[in-house]
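These values consider heavy atoms only, across backbone and side chains, with no hydrogens, waters or symmetry-generated copies.
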Amino acid sequence: MLRIEHFSKTYSGGKKAVDDLNLHVLPGEIVGFIGHNGAGKSTTLRACAGVLDFTEGTIRIDGHDVRREPVAAKRVTAFLPDNPDLYEFMSGISFLNFIADLYDIPAGARTQRIEKYADAFELTGNLGSPIGSYSHGMRQKLALISAFIRQPKLLILDEPMVGLDPSASHIMKEFLAELCAGGSSVFFSTHVLEVAEKLCDKIAIIKQGELIRYGDTEDVVGDSSLESVFLELEGEKE
């Protein structure tokens, strides 16, 4: 579903944010991308989403090269950055219908999906209000709903748990599992190991722009050689 090959990103001034990263996410997998703040997680996710150009390598989503076929790649991808930028002047329902129009979701299907996800996230009563009046948690829920109604083949999430209460986090996990059961894939970043451990099939660890481990969650979490990395992450969480 997602193939990142020899991906590198160097910013102006010569700072290399990510160096020769290779990572494949298969259909139906949830992969956690973990590392300390500034390790290169957001840079990689933004490049996969087609909102950041990169220096070297290739990224393909469902067979579409994000550089050569950007429209096709974006049609099958939903990206939620950390603190998503929503249209504050719109009501929640107007925003969701706007997203549905962009991705040609039929009227019947969009109504059913919006009701399903808004009810689950307890946001139905707020959909008529302007997004500018929403709390951070409500905005995060709305952004998640806008992604779920699209049923993308690849869902990219940057620190998705931030702003969510335990109930909403649990609901999000259920819907991610449901999405992947249909053959879609999820690629999300976090610097909290416990989040990835509870949610992911696989974990990729990036440190100072380099991928240092990628494998099944149980194997990665149980690797004693990574203890110093885990301690570093624990320190950031605090």
Without hydrogens or angle criteria, can the side chains of [X] and [Y] be said to hold a donor-acceptor pair below 3.5 Å?
| X | Y | result |
| --- | --- | --- |
| His170 | Glu174 | yes |
| Tyr87 | Ser94 | no |
| His36 | Gln208 | no |

Taking the side chain as every heavy atom from C-beta outward, state whether [X] and [Y] have any pair of such atoms under 4.5 Å apart.
| X | Y | answer |
| --- | --- | --- |
| Leu123 | Asn126 | yes |
| Thr58 | Arg68 | no |
| Leu193 | Ile34 | yes |
| Ser167 | Asp165 | yes |
| Pro152 | Leu179 | yes |

| field | Qualifying ring-ring contact (aromatic ring centres under 6.0 Å, His included) pairs, either residue in residues 45-68, two or more places apart | value |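 Listed by first then second residue: Phe7-Phe54.
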
| query | Would a distance-only check, ignoring hydrogens and angles, find a side-chain to backbone donor-acceptor pair under 3.5 Å from Tyr103 to Ile149? | reply |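 No; judged by distance alone, with no hydrogens or angles, the pair does not exist.
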
| task | Write out all pairs satisfying salt bridge (Lys or Arg N to Asp or Glu O under 4.0 Å) with one or both partners inside residues 18-35, taking only residues at least two apart or from two chains. | result |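 For residues 18-35, and leaving out neighbouring residues, the salt bridge (Lys or Arg N to Asp or Glu O under 4.0 Å) pairs sorted by first residue read Lys16-Asp19, Glu29-Lys202.
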
| query | How far does OG of Ser8 sit from CD of Glu210, to the nearest 0.5 angstrom? | reply |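 Answer rounded to 0.5 Å: 9.5 Å.
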
| CD1-CD1 distance between Ile30 and Ile203, expressed to the nearest 0.5 angstrom |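 Here the rounded value is 12.0 Å.
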
| message | Is the terminal nitrogen or CZ of Lys9 (NZ for Lys, CZ for Arg) located under 6.0 angstrom from the six-membered ring centre of Tyr11 and within 45° of that ring's axis? | response |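 Yes - Lys9 lies over the ring of Tyr11, closer than 6.0 Å to its centre and within 45° of its axis.
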
